[in-house]
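Right, one structure below, let's go through it.
Numbers restart at 1 for each chain; the letters A, B, ... are given by sequence-line order, proteins then strands.
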Amino acid sequence: MIHSRTKAIGQIQAYVIKLIDAQPFHTLRSSKRNAKPSSERPRRAYPKRRKPIPFVSNVKEVQDPVEALSLFDEYHQMGFKHDYPSYSALLYKLARCRNFEAVEAILGHVQDRNIHCRETLFIVLIQHYAKAHSVEKAIELFHQIPSFNCVRTLQSFNAFLNVLIENDRFCEANDIFGRSYKMGFRLNTVSFNIMIKGWLEKGEWEEACKVFEEMLEKKVQPSVVTYNSLIGFLCRKGELDKAMGLLEDMRQKGKYPNAVTYALLMEGMCSVGKHSDAKKMMFDMEYRGCKPQLVNFGVLMTDLGKRGKIDEAKSLLNEMKKRRFKRDVVTYNILINYLSKEGRAAEAYKYFIEMQIGGCVPNAATYRIMVDGFCRVEDFEGALKVFNAMLISRHCPRLESFEYLVMGLMVCGKLDDACFVLDEMRKRDMQLGLEGWKNLVIKACGGGIVAGGLVTELISVH
DNA sequence: TTTTCCATGT
């Protein structure tokens with residue numbers, strides 16, 4: 001026992017020292033994403049081939065944005081003339097990795113060389129900026145579109161309007177909505193839908209209705225989406241009767257409710273405790289010619305999970321199989337999540353395997369739920385198993401799960417595994433905080449406070 | 001890849 005503790009302290013100490021030696025602590029967090037020098041990077045196979053791989057399909061394979069850029073350069077040096085498909089493929093890649101500095105540099109080239117761009121490129125970039133919380137950049141780019149010799153249509157206007165609404169810039173959105181005509185845009189259903197959504201997000205039912213009226217006055221046809229926004233709002237408020245009234249209204253106007261409409265109503269029913277009515281609606285919709293979709297099953301399954309009726313949720317999943325519905329990640333995530341929360345990680349893992357056998361690829365959320373689920377029941381071997389699969393599919397657990405996993409493995413005496421996890425964390429620029437290290441050493445030493453001091457000392461020396 | 005939706009939550 002004493003021996004293993006000494007060993008543990010030794011290993012942790014060695015690990016901390018290795019870290020400090022390798023790099024100053026403060027730079028660890030901000031170190032560039034493991035960018036290898038270009039000489040170490042594996043060479044692409046294109047130059048030797050008789051028929052070179054087109055740049056576009058080549059760049060799509062690349063993970064690292066820096067590598068994508070150098071590939072772009074290599075092709076250029078080989079005499080390849082980059083045109084719009086090249087530039088857009090590169091820009092999509094860079095934007096997805098949030099390398100906006102490079103995006104701007106490349107956009108500069110595009111402008112200089114007068115490359116003719118499609119509007120969708122700008123729409124995608126604006127959305128990526130917004131997702132990365134660079135709303136200012138998104139706004140700037142929207143205004144710059146004409147300077148790229150690209151015609152700005154209602155599509156980018158609507159995309160931009162939506163970005164403003166989704167990022168708490170309601171006033172600016174309302175402002176350009178009002179000035180749209182002067183800006184040369186004729187608003188369509190989508191524009192009105194976005195504005196209605198904006199008002200509803202603020203909880204302004206009356207104002208949303210005013211926009212709805214305005215829409216009718218201007219002879220812009222409301223769509224299912226318009227009704228869904230309004231119905232969804234009422235359902236969330238628990239005003240089911242009003243929501244059903246709107247359903248009737250849309251039917252009278254010859255508009256067909258879709259699966260989302262029914263899903264919203266079913267959710268509303270569940271939230272006021274009318275669980276069986278929600279279930280009935282699944283049959284009703286089918287009777288009326290609207291085939292249930294995954295969303296509808298999802299609503300019911302979530303409701304069952306929330307009420308702790310997990311076995312019923314399981315049979316619903318079976319029913320889907322019987323009815324030949326292709327079950328997706330979300331469906332499985334719902335079930336796996338509730339099983340995990342109930343401490344039934346082993347069972348959740350069965351579904352985690354089942355989904356993959358059925359050809360359904362787990363996403364970041366699935367892995368996280370699974371890792372956390374195993375940690376919750378202190379099955380750290382199970383967690384490690386999922387953790388490995390997670391790394392292979394290039395996903396990453398939450399920092400808390402990482403810490404918990406390291407700690408758990410330590411306590412089980414699986415020191416090599418704990419160090420492996422720590423190493424993988426470091427590769428992803430994820431660091432245990434001072435508290436984390438302290439807890440780790442304290443755990444390793446069996447609860448001694450002295451050990452905590454050791455870490456503080458080790459770090460403060462630096 | 002211009003708007004509505006079941007779960008997570010970087």
Return a table of donor-acceptor pairs under 3.5 angstrom between the side chains of residues 398-406 of chain A and protein atoms on other chains or two or more places apart.
from      : atom 1 : to        : atom 2 : distance (Å)
Arg398(A) : NE     : Asp372(A) : OD2    : 3.3
Arg398(A) : NH2    : Asp372(A) : OD2    : 2.9
Ser401(A) : OG     : Asp372(A) : OD1    : 2.6

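Legend: residues meeting salt bridge (charged side-chain N to carboxylate O under 4.0 Å, His left out) with Glu248(A), ordered by chain and number and at least two apart, are Arg251(A).
dT2(B) atom C1' lies 8 Å from atom CD of Gln127(A), rounded to whole Å. In this structure, Ile165(A) atom CD1 and dT2(B) atom P are separated by 18 Å, rounded to whole Å. Rounded to an integer number of Å, the gap from CG of Asp372(A) to C1' of dT8(B) is 10 Å. Straight-line distance from the CZ atom of Phe177(A) to the C1' atom of dT2(B): 14 Å, rounded to whole Å. When rounded to the nearest whole Å, the span between CD1 of Ile231(A) and P of dC6(B) equals 14 Å. Spacing between atom CZ of Phe233(A) and atom P of dT4(B) amounts to 16 Å, rounded to whole angstrom units. Distance CG (Leu399(A)) to P (dT8(B)): 21 Å, rounded to an integer number of Å. The CE-P distance, from Met301(A) to dC5(B), rounds to 20 Å in whole Å.
At least one donor-acceptor pair under 3.5 Å links the side chain of Glu119(A) to the backbone N or O of Thr153(A).
Which of dA7(B), dT3(B), dT4(B) sits closest to the side chain of Asn228(A) comes down to dT4(B). Distance from the side chain of Asn337(A) is smallest for dA7(B) among the nucleotides dA7(B), dT4(B), dT2(B). Candidate nucleotides dC5(B), dT1(B), dT2(B) were compared by shortest atom distance to the side chain of Val190(A), and dT2(B) ranks first. Side chain of Arg368(A), nearest nucleotide from dT2(B), dG9(B), dC6(B): dG9(B). Considering only the side chain of Asn193(A), dT3(B) comes nearest among dA7(B), dC6(B), dT3(B). Relative to the side chain of Asn188(A), the nucleotides dA7(B), dT2(B), dC5(B) differ in distance, and dT2(B) lies closest. With dT3(B), dT10(B), dA7(B) as the choices, the nucleotide that has an atom nearest any side-chain atom of Thr302(A) turns out to be dA7(B). The side chain of Ile334(A) has dA7(B) as its nearest neighbour among dT4(B), dT2(B), dA7(B). Out of dC5(B), dG9(B), dT8(B), the shortest distance to the side chain of Arg398(A) is found at dG9(B). Side chain of Ala159(A), nearest nucleotide from dT2(B), dT4(B), dA7(B): dT2(B).
At dT4(B), one or more side-chain N or O atoms of Lys197(A) fall inside 4.0 Å of OP1 or OP2 (strictly under the cut-off). Between dT8(B) and Lys341(A), a contact under 4.0 Å exists linking OP1 or OP2 to a side-chain N or O.
Base contact: Asn333(A) has a heavy atom under 4.0 Å from a base atom. At the heavy-atom level, Glu267(A) lies under 4.0 Å from the strands shown only through sugar-phosphate atoms.
Seen from the ring of Phe192(A), Lys218(A) does not count as a face-on cation partner, given the 6.0 Å and 45° thresholds. Figure legend: cation-pi geometry between Lys291(A) and Phe325(A), with NZ or CZ positioned under 6.0 Å from the six-membered ring centre and within 45° of its axis.
Taking a cutoff of 4.0 Å between a charged side-chain nitrogen and a carboxylate oxygen, Arg307(A) and Glu312(A) do not qualify as a salt bridge.
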